[in-house]
Visitor: 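Attaching a single structure in structure tokens format; questions to follow.
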Amino acid sequence: MTDNQLPRTTIAKYPFTAQGAVDLSTNEKGIDWPVVYILQGSKQAYVGETSSAYYRMAQHLENSVRSSMVYEYVLFNDLFNKSAILDIENMLIEHMHADGLFSLQNLNNGQSKYHNYYQRGLYKELFKNIWPQLRKEKLANHTLLQVENSDVFKYSPFKELTDEQYNLETKLLNDIFNAVSSKKPTTIVVEGGAGTGKSILAISLVKYIADLSSEKIDYSNIDSDSFDDLKTTITDYTNMNSILTDAHLSIAFVAPMTEFRNTIKAVFKNIPSLKKIDVVSPVDLSKKKGGYDVVIVDEAHHLATYGKSTSHLSFKETDDRLGFTDYKNTTQLDWIKKQSKLVTILFYDRKQSTSGADVPEKDFNFLEKAEGNRLYSLQDQIRLGAGEAYISYWNKLLINETTEIAPNFINTGYEFKVYDDCLKMMEDIKAKDKECDGLCRVLSGYGFPYTKTMRDQQGRRFNQDYDFIIDGVKYSWNGINENFATNPNSVNLIGSVFTSQGFDLNYAGVIFSNDIKYNKETGKIEAVPSNYFDKHGKVGQDISKTIEDILNSYLVLLTRGIRGTFVYACDSNLRDYIKEKFNNVLVK
């Protein structure tokens, strides 16, 4: 069925009053038909679904929480059924939150579980037609493409969760509840590779906790089939809400990377319950006297040791503040443990540790094995169109554990190209950026210096307006705090693992720089530590760790592009080797 053949969704507007409910009851689909609706106030909105718009509106009129609402917009369509309205409800919540015109009153009451059903693709197309109608009704500001390219959308706490994420969220909620009610501290490590949705789960979880602990919830006023499933999973859910609310929990969300932390602050800004959550760096976490009841750390693999700290003085001051005396052997993970009073949840991927000065893997292994602590894992790949096989293949190819050709992912529509000309790749990424309305960037390994900010042996700054040259063309790194993924000017710059990690791009161009090559004599890919310019990466004399960091950084870069990855290798042998291995899936 084409867009032109899809039955049009009718949006009917009613005053949010008793008379409005009466008027709604006279609609032929007002009493007994599955619908999605939007309650609209001056600054807030609420999205819901029901099989009876009239009776549901009557319930809302009796709910004091909805007293600020002025109108109800009801979406009618002959194709609507229970599965469809659950899905469209969730899509509306995701998109309206990211659009930012209204602050949503919706709780994470289970509606975020992924609903897979017959003709789901058709209803997604239906939603594409609904959104422009909402803009005409002044219920949304931005185009669908603008919304879906925004960081707020990509990291929305209203994101649909996969079954794996949903089930793990339920376990984590139980763990938190048990720790709070028993007052027995616990540490939980959640491991997952690139693209398994660790950040999405972490953000969904923190909103769920915030909702449960901020106010008493009247569950009789929530009608969601998926929430009923959740209630049967968590023992005495109402009691959980009561205990967590009475506990007056202090909650911190720790994001070690500056750009990602700023993104999370923007995501949380317009959600009432999340305004009380402190989104902090590890240093800021240390400043709260007495610490926090619950500490959730996303991208815990970026927690640092003294050697990686951008300010050794700041590291020492934090150690002093927390009572640590041996600062060279103290880590930011120690700070986390000291400042978390009841529950610590660490989202971690050992393969995304890309610096020798990150907290060592053995420290996380020790936590995982400690008595009373828990270890969970996420396995399912949800980010890249090419799927888990693509990531698994790169993981093996980079460390020479396979000689096979790449898995055939061409039917997924994922675009993979290898270039002989780096400038051509840059131009193609710029073209994709215009086509996709943003989020297409070129990234590189650390085989080039930040020459513009370096000084020569006499302490003089280099007098040039570029960082490095490839085939006679000048290129510049992006700045550390320039919001690389979303700043439109970044399409003219080169990003690194530190400014791209944690972000999803539509298309990624990846430069294999001078820190990696292919040795034709040995038939192996080799890292070149002597050409590695991460000043924090070479810690001590552990060359094996530096090699591991170089290879891990490329795995990160190669898994940023959701819709496609374009590749250029400075080493011609490596370029030819990649062409050979991916020849069956190359886009010509």
Side-chain angles (χ1 to χ4, degrees), residues 9-27 29-77 80 85-86 88-112 127 130-131 133-142 147 152 156-158 207 210-212 214-224 227 241 268-276:
T9 300
T10 301
I11 301 179
K13 178 180 178 181
Y14 298 93
F16 188 62
T17 61
Q19 183 57 49
V22 172
D23 294 342
L24 177 57
S25 69
T26 64
N27 187 298
K29 293 184 173 70
I31 294 180
D32 186 18
W33 193 263
V35 301
V36 182
Y37 62 89
I38 301 169
L39 302 182
Q40 178 230 326
S42 59
K43 295 182 179 180
Q44 292 190 324
Y46 177 86
V47 180
E49 53 77 25
T50 181
S51 57
S52 175
Y54 165 70
Y55 288 115
R56 189 71 180 121
M57 186 174 181
Q59 285 180 313
H60 281 305
L61 286 168
E62 296 179 0
N63 185 353
S64 61
V65 176
R66 311 281 183 251
S67 61
S68 63
M69 300 303 168
V70 180
Y71 294 105
E72 175 164 1
Y73 294 80
V74 184
L75 282 62
F76 297 102
N77 193 298
F80 281 176
I85 61 174
L86 283 169
I88 290 174
E89 174 201 31
N90 196 73
M91 285 190 276
L92 277 174
I93 292 170
E94 275 188 88
H95 287 77
M96 288 185 69
H97 165 243
D99 180 68
L101 183 59
F102 296 101
S103 172
L104 297 184
Q105 290 186 349
N106 291 77
L107 303 174
N108 275 42
N109 60 4
Q111 85 279 355
S112 58
F127 180 78
I130 290 172
W131 189 256
Q133 294 177 251
L134 297 182
R135 293 183 71 202
K136 287 183 180 179
E137 296 285 351
K138 299 192 183 307
L139 292 171
N141 261 339
H142 301 92
V147 169
V152 176
S156 168
F158 299 108
K207 184 176 188 297
D211 289 343
L212 285 169
S214 60
E215 62 180 351
K216 300 289 175 68
I217 301 170
D218 180 7
Y219 292 107
S220 65
N221 199 36
I222 296 174
D223 61 346
S224 172
F227 178 69
N241 172 225
F268 287 9
K269 181 175 63 175
N270 291 324
I271 301 175
S273 63
L274 292 180
K275 290 179 180 179
K276 301 175 183 178

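Quantities reported herein were computed from a predicted structural model and do not represent experimental measurements.
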Visitor: Which heavy atom in Leu139 sits nearest to a heavy atom in Leu101, and how many Å separate them?
Guide: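 Nearest heavy atoms, Leu139 then Leu101: C-CD2, 3.7 Å.
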Visitor: Please determine which of Glu89, Glu49, Glu72, His60 meets the side-chain hydrogen bond (donor to acceptor under 3.5 Å, both in side chains) test together with Tyr37.
Guide: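 Considering Glu89, Glu49, Glu72, His60, a side-chain hydrogen bond (donor to acceptor under 3.5 Å, both in side chains) with Tyr37 is found only for His60.
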Visitor: Would you indicate whether the side-chain heavy atoms of Asn106 and Tyr46 approach each other to under 4.5 Å?
Guide: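 Result yes, sub-4.5 Å side-chain heavy-atom pair found.
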Visitor: Between Leu274 and Phe268, which heavy-atom pair has the shortest distance, and what is it?
Guide: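 Reported closest heavy-atom pair: CD1-CD1, 3.5 Å.
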Visitor: What I'd like to find out is whether the side chain of Ser103 reaches to under 4.5 Å of the side chain of Lys43, using heavy atoms alone.
Guide: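 No, side chains not in contact.
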Visitor: Determine the minimum heavy-atom distance between Val22 and Tyr54, stating which atoms define it.
Guide: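 Heavy atoms of Val22 and Tyr54 come nearest at N-CE1, 4.4 Å.
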Visitor: Heavy-atom count around Asp32 CG within 6.0 Å, excluding the residue itself: above 12?
Guide: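 No.
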Visitor: Keeping Ser52 on the side-chain end and Ile31 on the backbone end, is there a donor-acceptor pair under 3.5 Å?
Guide: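 At least one qualifying donor-acceptor pair exists.
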Visitor: Using side-chain heavy atoms (C-beta onward) and a distance below 4.5 Å, is Trp33 in contact with Asn27?
Guide: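 When only atoms from C-beta onward are counted, Asn27 and Trp33 do not touch, as no gap falls below 4.5 Å.
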Visitor: Ignoring hydrogens, what is the shortest heavy-atom contact between Gln44 and Ser68? Give both atom names and the distance.
Guide: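 It is OE1-OG, 3.8 Å.
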Visitor: I need the Met57 CE to Leu39 CG distance, nearest 0.5 Å.
Guide: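 Between atom CE of Met57 and atom CG of Leu39 there are 7.5 Å.
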Visitor: Could you go through Met69 and Gln105, starting from their C-alpha distance and side-chain angles, then the distance that decides it, and tell me whether this counts as side-chain contact (heavy atoms from CB on, under 4.5 Å)?
Guide: CA-CA 11 Å; Met69 300 303 168; Gln105 290 186 349; 3.4 Å; yes
Visitor: How long is the straight-line distance from CG of Leu24 back to CZ of Arg56, given to the nearest 0.5 Å?
Guide: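 Answer for the CZ-CG pair, Arg56 versus Leu24, is 13.0 Å.
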Visitor: Side-chain contact, heavy-atom cut-off 4.5 Å: His97 with Pro157?
Guide: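 They are in side-chain contact.
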Visitor: For atom NZ of Lys269, is the number of surrounding heavy atoms from other residues, nucleotides or ligands below 6.0 Å larger than 12?
Guide: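 Check fails, neighbour count at 12 or below.
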Visitor: Quick one: pull up OG1 in Thr17 and OH in Tyr71 and give me the separation to the nearest 0.5 Å.
Guide: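 If I round to the nearest 0.5 Å, the distance is 10.0 Å.
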Visitor: So Phe158 and Val47, side-chain contact (heavy atoms from CB on, under 4.5 Å) or not? Walk me through it.
Guide: CA-CA 12 Å; Phe158 299 108; Val47 180; over 6 Å; no
Visitor: So which atom in Asp211 and which in Ser273 form the shortest heavy-atom distance, rounded to 0.1 Å?
Guide: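 Heavy atoms only, the tightest pair is OD1-OG, 2.8 Å.
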Visitor: Does the structure place the NZ or CZ of Arg66 under 6.0 Å from the centre of the six-membered ring of Phe16, at an angle of no more than 45° from the ring's axis?
Guide: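 Pair Arg66/Phe16 does not count as cation-pi.
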Visitor: Indicate the atoms forming the closest heavy-atom contact of Pro34 with Ile85, along with that distance.
Guide: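 So the two residues come closest at CB-CD1, 3.7 Å.
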Visitor: Just so I know, are the side chains of Leu92 and Leu75 near enough to count as touching, which here means a heavy-atom distance under 4.5 Å?
Guide: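 Answer yes - side chains close enough.
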Visitor: Any side-chain heavy atom of Phe127 within less than 4.5 Å of one from His95?
Guide: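 A side-chain contact under 4.5 Å exists here.
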Visitor: Would you say the side chain of Ile11 lies within less than 4.5 Å of the side chain of Leu134, judging by non-hydrogen atoms?
Guide: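 Yes - at least one pair of side-chain heavy atoms lies under 4.5 Å apart.
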Visitor: Let's go through Val35 and Thr50 carefully: what are the C-alpha distance in whole Å and the side-chain angles of both, what is the deciding distance for side-chain contact (heavy atoms from CB on, under 4.5 Å) to 0.1 Å, and is it a yes or a no?
Guide: CA-CA 6 Å; Val35 301; Thr50 181; 3.8 Å; yes
Visitor: So, do Ile38 and Met96 sit near enough that their side-chain heavy atoms are less than 4.5 Å apart?
Guide: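 Ile38 reaches Met96 side chain to side chain.
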